[in-house]
S.K.: 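Sharing a structure here in C-alpha coordinates format.
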Amino acid sequence: MSNDPNKVWPTGLTLSEAEEVHSYLIDGTRVFGVIALIAHILVAVSTPWLG
Amino acid sequence: MINIKNFAVRKISAFGMKYLPFADAASEAVPLSRLLRLSLFQVTVGMALVLMVGTLNRVMIVELNVPATLVGAMLALPLVFAPFRALIGFKSDNFKSALGLRRLPYIYKGTMLQFGGFAIMPFALLVLSGYGKAAQAPHWIGEVGAAIAFLLVGAGVHMVQTVGLALATDLVEEEDQPKVVGLMYVSLLAGMIVSAFTYGAALQTYSPLRLIQVIQGSAVLTVVLNGLAMWKQEARDRVRGNAIRTAEPSFAQAWARLSERPGLMRLLAIIAFGTAGFGMADVLMEPFGGQVLQMSVAETTRLTVYLAFGTLVGFTMASRWMARGARPIDVAIYGALIGVPAFGLIILSAHLLSIAVLIVATLAAGFGAGLFGHGTLTTTMRTAPRDQIGLSLGAWGAVQTTSAGASIAVGGFLRDRLQSGSAGVHSAGAYIPVFCLEIGLLMLALLLAFPIFGRAGRPYDAQKTAQDGFAKGNAG
(Lines give C-alpha, C1' and ligand atoms only; values in the text may rest on other atoms or scores of the structure.)
Protein backbone atom coordinates (compact mmCIF):
# COMPACT_ATOMS: atom_id res chain seq x y z
CA MET A 1 0.00 0.00 0.00
CA SER A 2 2.74 2.43 0.92
CA ASN A 3 4.77 1.70 -2.22
CA ASP A 4 2.09 3.06 -4.52
CA PRO A 5 4.01 5.47 -6.77
CA ASN A 6 1.00 7.74 -7.18
CA LYS A 7 0.99 8.67 -3.54
CA VAL A 8 2.57 11.94 -2.65
CA TRP A 9 4.42 12.85 0.48
CA PRO A 10 3.51 13.57 3.23
CA THR A 11 -0.18 12.63 3.33
CA GLY A 12 -0.18 9.35 1.47
CA LEU A 13 -2.98 10.57 -0.74
CA THR A 14 -2.75 10.44 -4.49
CA LEU A 15 -2.64 13.71 -6.34
CA SER A 16 -6.27 13.61 -7.42
CA GLU A 17 -7.35 12.65 -3.91
CA ALA A 18 -5.45 15.56 -2.45
CA GLU A 19 -6.97 17.88 -5.01
CA GLU A 20 -10.42 16.64 -4.06
CA VAL A 21 -9.86 17.27 -0.36
CA HIS A 22 -8.62 20.71 -1.26
CA SER A 23 -11.68 21.39 -3.42
CA TYR A 24 -13.92 20.87 -0.36
CA LEU A 25 -11.82 23.40 1.52
CA ILE A 26 -12.16 25.92 -1.33
CA ASP A 27 -15.92 25.30 -1.54
CA GLY A 28 -16.31 25.87 2.17
CA THR A 29 -14.27 29.07 2.08
CA ARG A 30 -16.30 30.44 -0.82
CA VAL A 31 -19.65 29.63 0.79
CA PHE A 32 -18.64 31.08 4.14
CA GLY A 33 -17.22 34.17 2.42
CA VAL A 34 -20.50 34.84 0.62
CA ILE A 35 -22.51 34.17 3.78
CA ALA A 36 -20.36 36.57 5.79
CA LEU A 37 -20.77 39.21 3.10
CA ILE A 38 -24.57 38.90 3.09
CA ALA A 39 -24.68 38.92 6.90
CA HIS A 40 -22.58 42.09 7.03
CA ILE A 41 -24.79 43.84 4.48
CA LEU A 42 -27.93 42.92 6.42
CA VAL A 43 -26.50 44.05 9.76
CA ALA A 44 -25.28 47.29 8.17
CA VAL A 45 -28.78 47.97 6.89
CA SER A 46 -30.42 47.67 10.32
CA THR A 47 -27.62 49.03 12.54
CA PRO A 48 -25.13 50.98 10.42
CA TRP A 49 -21.70 51.02 12.03
CA LEU A 50 -19.95 53.14 9.43
CA GLY A 51 -21.75 56.30 10.41
CA MET B 1 16.17 10.07 3.72
CA ILE B 2 14.02 7.49 2.00
CA ASN B 3 13.59 5.71 5.31
CA ILE B 4 12.43 8.83 7.03
CA LYS B 5 9.96 9.47 4.23
CA ASN B 6 8.59 5.93 4.41
CA PHE B 7 8.36 6.15 8.15
CA ALA B 8 6.49 9.44 7.92
CA VAL B 9 4.09 8.15 5.30
CA ARG B 10 3.31 5.09 7.39
CA LYS B 11 2.85 7.10 10.56
CA ILE B 12 0.66 9.67 8.88
CA SER B 13 -1.53 7.13 7.15
CA ALA B 14 -1.99 5.31 10.45
CA PHE B 15 -2.80 8.63 12.06
CA GLY B 16 -5.20 9.39 9.25
CA MET B 17 -7.07 6.14 9.74
CA LYS B 18 -7.66 7.10 13.31
CA TYR B 19 -8.56 10.74 12.93
CA LEU B 20 -9.92 11.23 9.43
CA PRO B 21 -13.67 11.32 8.97
CA PHE B 22 -13.77 8.19 6.82
CA ALA B 23 -14.52 4.67 7.81
CA ASP B 24 -11.54 2.36 7.29
CA ALA B 25 -13.63 -0.19 5.48
CA ALA B 26 -17.22 -1.04 4.82
CA SER B 27 -17.53 -3.42 7.73
CA GLU B 28 -19.90 -6.35 7.59
CA ALA B 29 -22.09 -5.44 10.53
CA VAL B 30 -22.62 -1.82 11.49
CA PRO B 31 -23.06 -1.56 15.26
CA LEU B 32 -26.12 0.13 16.65
CA SER B 33 -24.09 2.90 18.27
CA ARG B 34 -22.80 3.94 14.86
CA LEU B 35 -26.29 4.02 13.38
CA LEU B 36 -27.48 5.98 16.37
CA ARG B 37 -24.74 8.49 15.71
CA LEU B 38 -25.66 8.65 12.02
CA SER B 39 -29.26 9.39 12.96
CA LEU B 40 -28.10 12.67 14.53
CA PHE B 41 -28.50 14.33 11.14
CA GLN B 42 -32.24 13.76 11.50
CA VAL B 43 -32.14 15.67 14.79
CA THR B 44 -30.81 18.73 12.96
CA VAL B 45 -33.45 18.30 10.27
CA GLY B 46 -36.15 18.20 12.96
CA MET B 47 -34.61 21.23 14.59
CA ALA B 48 -34.68 23.22 11.35
CA LEU B 49 -38.29 22.18 10.65
CA VAL B 50 -39.51 23.19 14.12
CA LEU B 51 -37.61 26.46 14.00
CA MET B 52 -39.03 27.43 10.63
CA VAL B 53 -42.55 26.07 10.69
CA GLY B 54 -43.26 26.45 14.39
CA THR B 55 -41.15 28.98 16.22
CA LEU B 56 -40.29 31.56 13.56
CA ASN B 57 -43.81 31.36 12.19
CA ARG B 58 -45.04 32.76 15.49
CA VAL B 59 -42.11 35.09 16.19
CA MET B 60 -42.37 36.73 12.76
CA ILE B 61 -46.09 37.37 13.11
CA VAL B 62 -46.36 38.21 16.82
CA GLU B 63 -43.05 39.82 17.77
CA LEU B 64 -41.78 41.12 14.43
CA ASN B 65 -45.17 42.20 13.02
CA VAL B 66 -44.43 40.82 9.58
CA PRO B 67 -47.62 40.41 7.50
CA ALA B 68 -48.95 36.85 7.73
CA THR B 69 -49.09 36.42 3.95
CA LEU B 70 -45.39 37.30 3.64
CA VAL B 71 -44.56 34.86 6.45
CA GLY B 72 -46.53 32.14 4.70
CA ALA B 73 -44.72 32.83 1.43
CA MET B 74 -41.29 32.72 3.13
CA LEU B 75 -42.05 29.46 4.91
CA ALA B 76 -43.33 27.90 1.70
CA LEU B 77 -40.09 28.72 -0.15
CA PRO B 78 -38.14 25.62 1.00
CA LEU B 79 -40.91 23.48 -0.50
CA VAL B 80 -39.84 24.75 -3.92
CA PHE B 81 -36.70 22.66 -3.54
CA ALA B 82 -38.45 19.44 -2.55
CA PRO B 83 -38.65 18.01 -6.09
CA PHE B 84 -34.90 18.59 -6.45
CA ARG B 85 -34.36 15.87 -3.85
CA ALA B 86 -34.53 13.32 -6.65
CA LEU B 87 -31.84 15.24 -8.52
CA ILE B 88 -29.65 15.50 -5.41
CA GLY B 89 -29.99 11.78 -4.80
CA PHE B 90 -29.15 11.04 -8.42
CA LYS B 91 -26.09 13.31 -8.29
CA SER B 92 -24.85 11.57 -5.17
CA ASP B 93 -25.30 8.16 -6.83
CA ASN B 94 -23.00 9.25 -9.65
CA PHE B 95 -20.64 11.56 -7.80
CA LYS B 96 -17.17 11.61 -9.30
CA SER B 97 -14.69 11.40 -6.47
CA ALA B 98 -11.07 10.35 -6.37
CA LEU B 99 -11.62 9.35 -2.77
CA GLY B 100 -14.51 7.12 -3.79
CA LEU B 101 -16.97 9.05 -1.69
CA ARG B 102 -20.55 9.52 -2.77
CA ARG B 103 -22.63 10.67 0.18
CA LEU B 104 -20.24 12.49 2.46
CA PRO B 105 -19.56 15.48 0.14
CA TYR B 106 -23.27 16.12 -0.16
CA ILE B 107 -23.94 15.91 3.57
CA TYR B 108 -21.03 18.35 3.98
CA LYS B 109 -22.42 20.75 1.39
CA GLY B 110 -25.94 20.47 2.77
CA THR B 111 -24.67 21.18 6.27
CA MET B 112 -22.86 24.27 5.00
CA LEU B 113 -26.03 25.54 3.33
CA GLN B 114 -28.06 24.90 6.47
CA PHE B 115 -25.47 26.68 8.58
CA GLY B 116 -25.23 29.60 6.16
CA GLY B 117 -28.98 30.06 6.07
CA PHE B 118 -29.23 30.10 9.86
CA ALA B 119 -26.25 32.46 10.10
CA ILE B 120 -27.93 35.21 8.09
CA MET B 121 -31.53 34.44 9.06
CA PRO B 122 -31.82 36.53 12.26
CA PHE B 123 -30.42 39.66 10.57
CA ALA B 124 -32.63 39.11 7.55
CA LEU B 125 -35.68 38.82 9.82
CA LEU B 126 -34.73 41.95 11.76
CA VAL B 127 -34.32 43.90 8.52
CA LEU B 128 -37.59 42.44 7.27
CA SER B 129 -39.36 43.73 10.38
CA GLY B 130 -37.84 47.20 9.98
CA TYR B 131 -35.69 46.98 13.12
CA GLY B 132 -33.36 49.93 13.80
CA LYS B 133 -32.46 51.89 10.70
CA ALA B 134 -33.85 49.20 8.42
CA ALA B 135 -37.19 50.98 8.27
CA GLN B 136 -35.62 53.61 6.02
CA ALA B 137 -33.97 51.06 3.75
CA PRO B 138 -35.81 49.76 0.70
CA HIS B 139 -38.22 46.93 1.46
CA TRP B 140 -36.76 44.46 -0.96
CA ILE B 141 -33.50 44.10 1.01
CA GLY B 142 -35.22 42.40 3.93
CA GLU B 143 -37.42 40.32 1.67
CA VAL B 144 -34.55 39.10 -0.49
CA GLY B 145 -32.40 38.48 2.58
CA ALA B 146 -35.08 36.42 4.32
CA ALA B 147 -35.84 34.55 1.10
CA ILE B 148 -32.16 33.65 0.70
CA ALA B 149 -31.97 32.52 4.33
CA PHE B 150 -35.04 30.26 4.08
CA LEU B 151 -33.99 28.90 0.71
CA LEU B 152 -30.51 28.05 2.02
CA VAL B 153 -31.85 26.26 5.08
CA GLY B 154 -34.49 24.46 3.00
CA ALA B 155 -31.98 23.36 0.39
CA GLY B 156 -29.61 22.22 3.11
CA VAL B 157 -32.30 20.20 4.87
CA HIS B 158 -33.37 18.50 1.64
CA MET B 159 -29.77 17.67 0.80
CA VAL B 160 -28.77 16.38 4.22
CA GLN B 161 -31.89 14.26 4.68
CA THR B 162 -31.90 12.72 1.20
CA VAL B 163 -28.23 11.86 1.14
CA GLY B 164 -28.15 10.89 4.81
CA LEU B 165 -30.93 8.35 4.28
CA ALA B 166 -29.14 7.07 1.18
CA LEU B 167 -25.98 6.61 3.25
CA ALA B 168 -27.95 4.75 5.92
CA THR B 169 -29.36 2.47 3.22
CA ASP B 170 -25.85 1.88 1.85
CA LEU B 171 -24.56 0.92 5.26
CA VAL B 172 -26.98 -1.73 6.44
CA GLU B 173 -28.11 -5.09 5.23
CA GLU B 174 -31.65 -5.51 4.05
CA GLU B 175 -32.88 -7.23 7.20
CA ASP B 176 -31.64 -4.31 9.29
CA GLN B 177 -33.35 -1.65 7.20
CA PRO B 178 -36.56 -1.52 9.29
CA LYS B 179 -34.42 -0.92 12.38
CA VAL B 180 -32.63 1.95 10.66
CA VAL B 181 -35.84 3.52 9.37
CA GLY B 182 -37.32 3.35 12.87
CA LEU B 183 -34.18 4.94 14.28
CA MET B 184 -34.25 7.73 11.69
CA TYR B 185 -37.90 8.52 12.31
CA VAL B 186 -37.53 8.43 16.09
CA SER B 187 -34.53 10.76 15.88
CA LEU B 188 -36.50 13.17 13.70
CA LEU B 189 -39.40 13.13 16.13
CA ALA B 190 -37.12 13.44 19.17
CA GLY B 191 -35.28 16.34 17.56
CA MET B 192 -38.56 18.06 16.83
CA ILE B 193 -39.98 17.58 20.33
CA VAL B 194 -36.82 18.59 22.21
CA SER B 195 -36.17 21.63 20.01
CA ALA B 196 -39.81 22.74 20.21
CA PHE B 197 -39.56 22.87 24.00
CA THR B 198 -36.09 24.44 23.91
CA TYR B 199 -37.05 27.16 21.45
CA GLY B 200 -40.21 27.86 23.40
CA ALA B 201 -38.26 28.31 26.62
CA ALA B 202 -35.43 30.28 25.00
CA LEU B 203 -37.76 32.74 23.29
CA GLN B 204 -40.12 33.15 26.26
CA THR B 205 -38.88 36.70 26.70
CA TYR B 206 -38.24 37.95 23.19
CA SER B 207 -35.51 40.41 22.33
CA PRO B 208 -33.65 40.93 19.04
CA LEU B 209 -30.43 39.78 20.70
CA ARG B 210 -32.14 36.62 21.95
CA LEU B 211 -33.44 35.89 18.46
CA ILE B 212 -29.93 36.19 17.02
CA GLN B 213 -28.53 33.96 19.78
CA VAL B 214 -31.16 31.26 19.33
CA ILE B 215 -30.95 31.03 15.54
CA GLN B 216 -27.17 31.22 15.37
CA GLY B 217 -26.96 28.74 18.21
CA SER B 218 -28.99 26.37 16.04
CA ALA B 219 -26.53 27.02 13.21
CA VAL B 220 -23.56 25.95 15.31
CA LEU B 221 -25.43 22.98 16.75
CA THR B 222 -26.32 21.89 13.20
CA VAL B 223 -22.67 21.82 12.17
CA VAL B 224 -21.63 20.00 15.35
CA LEU B 225 -24.36 17.35 15.19
CA ASN B 226 -24.02 16.75 11.45
CA GLY B 227 -20.26 16.54 11.87
CA LEU B 228 -20.70 13.92 14.58
CA ALA B 229 -23.25 12.10 12.44
CA MET B 230 -21.09 11.74 9.34
CA TRP B 231 -17.80 11.08 11.12
CA LYS B 232 -16.28 7.82 9.89
CA GLN B 233 -19.52 6.63 8.33
CA GLU B 234 -18.68 6.29 4.67
CA ALA B 235 -15.81 4.11 3.60
CA ARG B 236 -13.22 5.43 1.22
CA ASP B 237 -13.22 3.34 -1.88
CA ARG B 238 -10.08 3.34 -4.02
CA VAL B 239 -11.66 0.98 -6.52
CA ARG B 240 -14.60 3.28 -7.09
CA GLY B 241 -12.26 6.27 -7.08
CA ASN B 242 -9.94 4.79 -9.69
CA ALA B 243 -12.66 3.29 -11.85
CA ILE B 244 -12.49 4.62 -15.38
CA ARG B 245 -15.35 7.00 -15.67
CA THR B 246 -17.87 5.87 -18.17
CA ALA B 247 -20.24 8.48 -19.46
CA GLU B 248 -22.50 9.51 -16.63
CA PRO B 249 -26.12 8.61 -17.31
CA SER B 250 -28.35 11.62 -17.64
CA PHE B 251 -30.97 12.25 -14.98
CA ALA B 252 -33.72 11.51 -17.50
CA GLN B 253 -32.18 8.12 -18.33
CA ALA B 254 -31.68 7.23 -14.68
CA TRP B 255 -35.22 8.29 -13.84
CA ALA B 256 -36.62 6.33 -16.79
CA ARG B 257 -34.76 3.23 -15.59
CA LEU B 258 -36.06 3.65 -12.06
CA SER B 259 -39.65 4.45 -12.99
CA GLU B 260 -39.78 1.40 -15.25
CA ARG B 261 -39.58 -0.80 -12.18
CA PRO B 262 -42.99 -2.31 -11.55
CA GLY B 263 -44.88 -0.85 -8.64
CA LEU B 264 -42.70 2.21 -8.17
CA MET B 265 -45.14 4.78 -9.51
CA ARG B 266 -47.93 3.13 -7.54
CA LEU B 267 -45.80 3.29 -4.40
CA LEU B 268 -45.07 6.99 -4.92
CA ALA B 269 -48.76 7.71 -5.44
CA ILE B 270 -49.63 5.79 -2.25
CA ILE B 271 -47.02 7.84 -0.37
CA ALA B 272 -48.40 11.09 -1.78
CA PHE B 273 -52.05 10.40 -0.86
CA GLY B 274 -51.32 8.77 2.50
CA THR B 275 -48.90 11.45 3.65
CA ALA B 276 -51.34 14.19 2.67
CA GLY B 277 -54.13 12.37 4.50
CA PHE B 278 -52.19 12.05 7.75
CA GLY B 279 -50.38 15.39 7.41
CA MET B 280 -53.44 17.61 7.64
CA ALA B 281 -54.18 16.41 11.18
CA ASP B 282 -50.94 17.94 12.45
CA VAL B 283 -52.25 21.48 12.22
CA LEU B 284 -55.95 20.78 12.69
CA MET B 285 -55.98 18.73 15.88
CA GLU B 286 -55.27 21.60 18.30
CA PRO B 287 -57.74 24.17 16.93
CA PHE B 288 -60.35 21.41 16.62
CA GLY B 289 -59.95 20.46 20.28
CA GLY B 290 -59.97 24.07 21.40
CA GLN B 291 -62.84 25.30 19.29
CA VAL B 292 -65.20 22.38 19.07
CA LEU B 293 -64.58 20.54 22.34
CA GLN B 294 -63.73 23.72 24.29
CA MET B 295 -60.46 22.27 25.57
CA SER B 296 -57.95 24.57 27.29
CA VAL B 297 -54.60 25.45 25.71
CA ALA B 298 -52.81 22.99 28.00
CA GLU B 299 -55.22 20.22 26.95
CA THR B 300 -54.83 20.92 23.25
CA THR B 301 -51.04 20.94 23.60
CA ARG B 302 -51.40 17.53 25.20
CA LEU B 303 -53.31 16.42 22.10
CA THR B 304 -50.18 17.08 20.04
CA VAL B 305 -48.19 15.07 22.56
CA TYR B 306 -50.67 12.18 22.22
CA LEU B 307 -50.32 12.37 18.44
CA ALA B 308 -46.52 12.25 18.71
CA PHE B 309 -46.70 9.41 21.25
CA GLY B 310 -48.99 7.39 18.99
CA THR B 311 -46.57 7.95 16.10
CA LEU B 312 -43.67 6.81 18.26
CA VAL B 313 -45.51 3.61 19.19
CA GLY B 314 -46.30 3.16 15.49
CA PHE B 315 -42.60 3.36 14.54
CA THR B 316 -41.65 0.90 17.26
CA MET B 317 -44.34 -1.63 16.39
CA ALA B 318 -43.57 -1.31 12.67
CA SER B 319 -39.89 -2.06 13.34
CA ARG B 320 -40.84 -5.04 15.46
CA TRP B 321 -43.32 -6.50 12.98
CA MET B 322 -40.94 -6.10 10.08
CA ALA B 323 -38.14 -7.71 12.06
CA ARG B 324 -40.50 -10.69 12.40
CA GLY B 325 -40.95 -10.80 8.65
CA ALA B 326 -43.96 -8.61 7.91
CA ARG B 327 -43.80 -6.97 4.50
CA PRO B 328 -43.16 -3.21 4.84
CA ILE B 329 -45.86 -2.29 2.33
CA ASP B 330 -48.41 -4.33 4.27
CA VAL B 331 -47.47 -2.51 7.46
CA ALA B 332 -48.01 0.79 5.63
CA ILE B 333 -51.40 -0.40 4.43
CA TYR B 334 -52.38 -1.35 7.98
CA GLY B 335 -51.36 2.16 8.98
CA ALA B 336 -53.71 3.72 6.43
CA LEU B 337 -56.42 1.23 7.47
CA ILE B 338 -56.12 2.43 11.07
CA GLY B 339 -56.12 6.05 9.94
CA VAL B 340 -59.56 5.85 8.31
CA PRO B 341 -61.53 4.86 11.46
CA ALA B 342 -59.31 7.16 13.55
CA PHE B 343 -60.46 10.20 11.59
CA GLY B 344 -63.97 8.82 11.67
CA LEU B 345 -63.71 8.73 15.46
CA ILE B 346 -62.62 12.35 15.47
CA ILE B 347 -65.76 13.32 13.57
CA LEU B 348 -67.77 11.22 16.03
CA SER B 349 -66.13 12.98 18.98
CA ALA B 350 -67.49 16.27 17.65
CA HIS B 351 -70.99 14.83 17.78
CA LEU B 352 -70.55 13.22 21.21
CA LEU B 353 -68.55 16.19 22.54
CA SER B 354 -66.35 13.58 24.20
CA ILE B 355 -62.72 14.46 24.89
CA ALA B 356 -61.94 10.82 25.72
CA VAL B 357 -63.04 9.72 22.26
CA LEU B 358 -60.91 12.45 20.68
CA ILE B 359 -57.84 11.34 22.66
CA VAL B 360 -58.29 7.73 21.60
CA ALA B 361 -58.74 8.88 18.01
CA THR B 362 -55.62 11.06 18.20
CA LEU B 363 -53.55 8.18 19.53
CA ALA B 364 -54.87 5.94 16.77
CA ALA B 365 -54.20 8.54 14.07
CA GLY B 366 -50.64 8.95 15.31
CA PHE B 367 -50.18 5.17 15.44
CA GLY B 368 -51.45 4.83 11.87
CA ALA B 369 -49.21 7.65 10.66
CA GLY B 370 -46.23 5.95 12.30
CA LEU B 371 -46.94 2.62 10.63
CA PHE B 372 -47.57 4.30 7.29
CA GLY B 373 -44.44 6.46 7.33
CA HIS B 374 -42.20 3.62 8.45
CA GLY B 375 -43.71 1.12 6.03
CA THR B 376 -43.45 3.31 2.96
CA LEU B 377 -39.87 4.44 3.64
CA THR B 378 -38.74 0.87 4.30
CA THR B 379 -40.45 -0.25 1.10
CA THR B 380 -38.60 2.47 -0.79
CA MET B 381 -35.29 1.33 0.66
CA ARG B 382 -36.01 -2.32 -0.10
CA THR B 383 -37.01 -1.72 -3.69
CA ALA B 384 -34.15 0.67 -4.46
CA PRO B 385 -31.62 -0.76 -6.92
CA ARG B 386 -28.18 -0.81 -5.30
CA ASP B 387 -26.77 1.77 -7.72
CA GLN B 388 -29.81 4.03 -7.55
CA ILE B 389 -30.36 4.29 -3.81
CA GLY B 390 -29.86 8.05 -3.80
CA LEU B 391 -32.31 8.58 -6.63
CA SER B 392 -34.94 6.31 -5.05
CA LEU B 393 -34.75 7.98 -1.67
CA GLY B 394 -34.70 11.35 -3.41
CA ALA B 395 -37.94 10.45 -5.14
CA TRP B 396 -39.40 9.30 -1.81
CA GLY B 397 -38.33 12.57 -0.19
CA ALA B 398 -39.60 14.72 -3.04
CA VAL B 399 -43.05 13.11 -2.95
CA GLN B 400 -43.26 12.86 0.84
CA THR B 401 -42.08 16.43 1.57
CA THR B 402 -44.15 18.03 -1.15
CA SER B 403 -47.29 16.25 -0.08
CA ALA B 404 -46.72 16.83 3.64
CA GLY B 405 -45.96 20.49 3.03
CA ALA B 406 -48.93 20.98 0.75
CA SER B 407 -51.28 19.25 3.19
CA ILE B 408 -50.03 21.36 6.10
CA ALA B 409 -50.47 24.49 3.97
CA VAL B 410 -54.00 23.46 2.95
CA GLY B 411 -54.83 22.43 6.53
CA GLY B 412 -53.53 25.73 7.89
CA PHE B 413 -55.41 27.70 5.24
CA LEU B 414 -58.65 25.89 6.04
CA ARG B 415 -58.07 26.33 9.76
CA ASP B 416 -57.57 30.09 9.39
CA ARG B 417 -60.71 30.32 7.30
CA LEU B 418 -62.66 28.28 9.85
CA GLN B 419 -61.41 29.86 13.03
CA SER B 420 -63.28 33.07 12.33
CA GLY B 421 -66.55 31.18 12.82
CA SER B 422 -68.44 30.59 16.03
CA ALA B 423 -67.21 28.32 18.82
CA GLY B 424 -68.86 25.17 20.16
CA VAL B 425 -70.79 22.42 18.44
CA HIS B 426 -71.76 24.57 15.50
CA SER B 427 -68.13 25.21 14.58
CA ALA B 428 -67.67 21.45 14.11
CA GLY B 429 -69.51 21.74 10.83
CA ALA B 430 -66.53 23.56 9.38
CA TYR B 431 -63.95 20.95 10.47
CA ILE B 432 -65.82 17.86 9.41
CA PRO B 433 -65.32 18.37 5.66
CA VAL B 434 -61.55 18.57 6.26
CA PHE B 435 -61.48 15.31 8.22
CA CYS B 436 -63.66 13.76 5.54
CA LEU B 437 -61.07 14.94 3.00
CA GLU B 438 -58.38 13.20 5.04
CA ILE B 439 -60.40 10.00 5.09
CA GLY B 440 -60.90 10.35 1.35
CA LEU B 441 -57.17 10.73 0.71
CA LEU B 442 -56.40 7.67 2.86
CA MET B 443 -59.09 5.71 1.00
CA LEU B 444 -57.43 6.67 -2.28
CA ALA B 445 -54.09 5.45 -0.94
CA LEU B 446 -55.74 2.18 0.18
CA LEU B 447 -57.45 1.77 -3.17
CA LEU B 448 -54.09 2.08 -4.91
CA ALA B 449 -52.44 -0.25 -2.42
CA PHE B 450 -55.16 -2.91 -2.49
CA PRO B 451 -53.81 -4.84 -5.52
CA ILE B 452 -50.40 -5.34 -3.87
CA PHE B 453 -51.67 -6.05 -0.35
CA GLY B 454 -50.38 -9.32 1.06
CA ARG B 455 -49.74 -10.69 -2.41
CA ALA B 456 -48.13 -14.09 -2.28
CA GLY B 457 -45.94 -13.29 -5.25
CA ARG B 458 -44.02 -10.79 -3.15
CA PRO B 459 -43.03 -8.80 -6.24
CA TYR B 460 -40.62 -6.46 -4.46
CA ASP B 461 -38.69 -9.06 -2.55
CA ALA B 462 -38.47 -11.48 -5.43
CA GLN B 463 -37.20 -8.80 -7.72
CA LYS B 464 -34.75 -7.53 -5.16
CA THR B 465 -33.29 -10.97 -4.55
CA ALA B 466 -32.97 -11.61 -8.25
CA GLN B 467 -31.20 -8.33 -8.72
CA ASP B 468 -28.84 -8.84 -5.82
CA GLY B 469 -28.02 -12.25 -7.14
CA PHE B 470 -27.27 -10.68 -10.48
CA ALA B 471 -25.05 -8.07 -8.88
CA LYS B 472 -23.19 -10.67 -6.83
CA GLY B 473 -22.78 -12.84 -9.87
CA ASN B 474 -21.24 -9.94 -11.69
CA ALA B 475 -18.93 -9.10 -8.85
CA GLY B 476 -17.80 -12.67 -8.24
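Every chain is numbered from 1 and lettered A, B, ... according to where its sequence line falls, protein lines coming before strand lines.
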S.K.: Could you report the tightest heavy-atom contact between Y108(B) and Y24(A), atom names first, then the distance?
M.R.: OH-O, 3.0 Å
S.K.: Would you compute the distance between atom CE of M121(B) and atom CG of L42(A) and round it to the nearest 0.5 angstrom?
M.R.: 11.5 Å
S.K.: Do V45(A) and K133(B) make a side-chain contact, defined as non-hydrogen atoms from C-beta onward lying under 4.5 Å apart?
M.R.: no
S.K.: Look up atom CD1 in I35(A) and atom CE in M112(B), then write down how far apart they are to the nearest 0.5 Å.
M.R.: 9.5 Å
S.K.: Could you state the interatomic distance from CG (L37(A)) to CD1 (I120(B)), rounded to the nearest 0.5 Å?
M.R.: 10.5 Å
S.K.: For R103(B), check salt bridge (Lys or Arg N to Asp or Glu O under 4.0 Å) against everything at least two apart and list the hits.
M.R.: D93(B), D170(B)
S.K.: For F84(B), does the CZ atom have more than 12 heavy-atom neighbours from other residues, nucleotides or ligands under 6.0 Å away?
M.R.: no
S.K.: Tell me whether the count of non-hydrogen atoms from other residues, nucleotides or ligands lying under 6.0 Å of NZ in K109(B) goes above 12.
M.R.: yes
S.K.: Please list all pairs passing the ring pair (Phe, Tyr, Trp, His ring centres under 6.0 Å) test where one or both residues lie in residues 110-139 of chain B, with sequence neighbours left out.
M.R.: F32(A)-F115(B)
S.K.: Between G130(B), P105(B), G142(B), G145(B), who has the most heavy-atom pairs with chain A when the cutoff is under 4.5 Å?
M.R.: P105(B)
S.K.: Just verifying a value: how many Å separate S46(A) OG and I141(B) CD1, rounded to the nearest 0.5 Å?
M.R.: 10.5 Å
S.K.: Does any non-hydrogen side-chain atom of L126(B) lie less than 4.5 Å from one of T47(A)?
M.R.: no
